[in-house]
Number of protein chains: 2
Amino acid sequence: MNETVGSMVRLTFLVQNLFADVGQGCGLTVAQSLLLCSLNDRAVGMAELATKLGLERSSLTGLVDRAEQRGLVARESDPSDRRAIKVALTPGGRDAGHRFHDQLRVRLDEVLSELTATDRTHFTRVLAQLVADVPAVFSD
Amino acid sequence: MNETVGSMVRLTFLVQNLFADVGQGCGLTVAQSLLLCSLNDRAVGMAELATKLGLERSSLTGLVDRAEQRGLVARESDPSDRRAIKVALTPGGRDAGHRFHDQLRVRLDEVLSELTATDRTHFTRVLAQLVADVPAVFSD
DNA sequence: TATTGTTATACTCTATAACTATA
DNA sequence: TATAGTTATAGAGTATAACAATA
């Protein structure tokens, strides 16, 4: 395996493990962490949310069910369309999402702190180029 | 969210999606792809394999069961310890693993082809530094 | 008819706890 | 006693297909 490719896969698993670990510390599964990150700024309909998360609508039903049972999100009815449901963060969900977000930033910054300032600047620029077409995971 | 951190998370999801997509094209789940990659060069005992994959032994039992039902791996007894089981690739599992490996390399190379040669060299060096402590996913 | 969301069902993946067989 | 592996059980996550309500 090509060296750059192998390193990219390893970096991926490093970040995924960090993501899962930080989530666990906040009482969140990976899927729940992504759900909360998708709701940071506004209530979102089930269909739009499913598209954003890359899930079937039926899969999202279960994910939202479990998150709702844990008090992280709430379903709201939409006055303008009686078929539609909007999913919104509860105060507890917002707290958990913020803690997750902050801690992930700290943990990833630790990883990046090994780099010199020059390397980090360069790395940031190249990363931005590589992920230009990838939708943002976080709303900020 | 800090820009470098956000880009790293996005790169992670890009690579993970690629990993899952290539696996699906080879008839493999993500867990099965990782299992095959861990067996590339030799038969491995269940306990060692569980450690390598970061799973409980009982979780690995099920993963190997399903992979065995699909003809990807086989359990072999160990003459030197009658408690032990070694897991080995079948010819079909070896084929699937090679196809997965080759296609993933191609797909990731496509992503990296956006970079100039200079950027890629620099990126490779920085990546190697970041993942120095992460165990290799592939055996080569 | 098309869209929104849910239900029913099935499978994969994972963990914890209890167990068997062997060292 | 300690180790290797399995079984039993539970829960999360996901998909497909069929459905109900509304647009």
Side-chain angles (χ1 to χ4, degrees), chain A residues 13 16-17 19-21 23-39 43-88 96, chain B residues 13 16-17 19-21 23-39 43-88 96:
Chain A
F13 284 96
Q16 289 285 313
N17 287 341
F19 200 97
D21 192 49
Q24 194 164 32
C26 298
L28 302 172
T29 65
V30 169
Q32 285 167 0
S33 302
L34 290 169
L35 173 62
L36 298 192
C37 291
S38 299
L39 296 173
V44 181
M46 291 291 283
E48 181 185 349
L49 198 48
T51 300
K52 194 166 179 178
L53 292 170
L55 296 176
E56 289 299 318
R57 286 177 329 221
S58 61
S59 304
L60 183 60
T61 294
L63 180 59
V64 170
D65 282 349
R66 291 183 294 273
E68 199 169 24
Q69 282 162 18
R70 279 162 188 67
L72 299 169
V73 303
R75 283 176 165 94
E76 300 172 350
S77 55
D78 181 342
S80 69
D81 184 342
R82 286 191 300 171
R83 295 171 305 179
I85 294 279
K86 297 230 178 207
V87 184
Chain B
F13 283 97
Q16 289 285 314
N17 288 339
F19 199 97
D21 191 51
Q24 194 164 33
C26 298
L28 301 173
T29 65
V30 169
Q32 286 167 359
S33 302
L34 290 169
L35 173 61
L36 298 192
C37 292
S38 298
L39 296 173
V44 182
M46 292 290 283
E48 181 185 348
L49 199 48
T51 301
K52 193 166 179 177
L53 292 170
L55 297 176
E56 290 300 317
R57 290 184 325 245
S58 61
S59 304
L60 183 59
T61 294
L63 181 59
V64 170
D65 282 350
R66 292 184 293 274
E68 199 169 22
Q69 283 162 17
R70 278 162 188 69
L72 299 168
V73 302
R75 284 175 164 93
E76 300 173 349
S77 55
D78 181 342
S80 70
D81 184 342
R82 285 192 302 172
R83 296 171 302 180
I85 292 280
K86 296 229 175 205
V87 185

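In what follows, every chain begins at residue 1, and chains take the letters A, B, ... in the order their sequences are listed. Because only heavy atoms are used, hydrogens play no part in the values below, and waters and symmetry mates are left out as well, while side chains stay in.
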request  = Using side-chain hydrogen bond (donor to acceptor under 3.5 Å, both in side chains) as the criterion, list what pairs up with Glu48(B), not counting sequence neighbours.
outcome  = Arg42(B)
message = My understanding is that only residues two or more places apart in sequence, or in another chain, count here; which of them pass side-chain hydrogen bond (donor to acceptor under 3.5 Å, both in side chains) with Asn17(A)?
response = none
Interatomic distance, [X] [atom1] vs [N] [atom2] [rounded to whole Å]:
| X | N | atom1 | atom2 | answer |
| --- | --- | --- | --- | --- |
| Lys86(B) | dG5(D) | NZ | C1' | 14 Å |
| Ile85(A) | dT6(C) | CD1 | C1' | 10 Å |
| Leu53(A) | dA15(D) | CG | P | 11 Å |
| Leu60(A) | dT6(C) | CG | P | 8 Å |
| Leu28(A) | dA12(D) | CG | C1' | 14 Å |
| Asp65(A) | dT14(D) | CG | C1' | 14 Å |
| Met46(A) | dA21(D) | CE | P | 18 Å |

key: Protein-to-nucleotide contact annotation, 5' to 3' order, nucleotides 13-23 of chain C [B base; S sugar-phosphate only; - none; under 4.0 Å, heavy atom]   = BBBBB---BBS
request  = Kindly state which residues belonging to residues 67-77 of chain A come within less than 4.0 angstrom of DNA chain D, counting heavy atoms of the residue only, listed by number.
outcome  = Arg70(A)
Once side-chain contact (heavy atoms from CB on, under 4.5 Å) is applied, do any residues pair with [X], and if so which ones, sequence neighbours excluded?
| X | answer |
| --- | --- |
| Ala20(A) | Val30(A) |
| Ala67(B) | Leu35(B), Leu72(B), Val73(B) |
| Ser77(B) | none |

note = CD1 (Ile85(A)) and CE (Met46(A)) are apart, to the nearest 0.5 Å, by 7.5 Å
key: Residues forming a salt bridge (charged side-chain N to carboxylate O under 4.0 Å, His left out) with Asp78(A), sequence neighbours excluded   = none
task = Only counting residues at least two apart or in another chain, list the ones meeting salt bridge (charged side-chain N to carboxylate O under 4.0 Å, His left out) with Glu68(B).
result = Arg75(B)
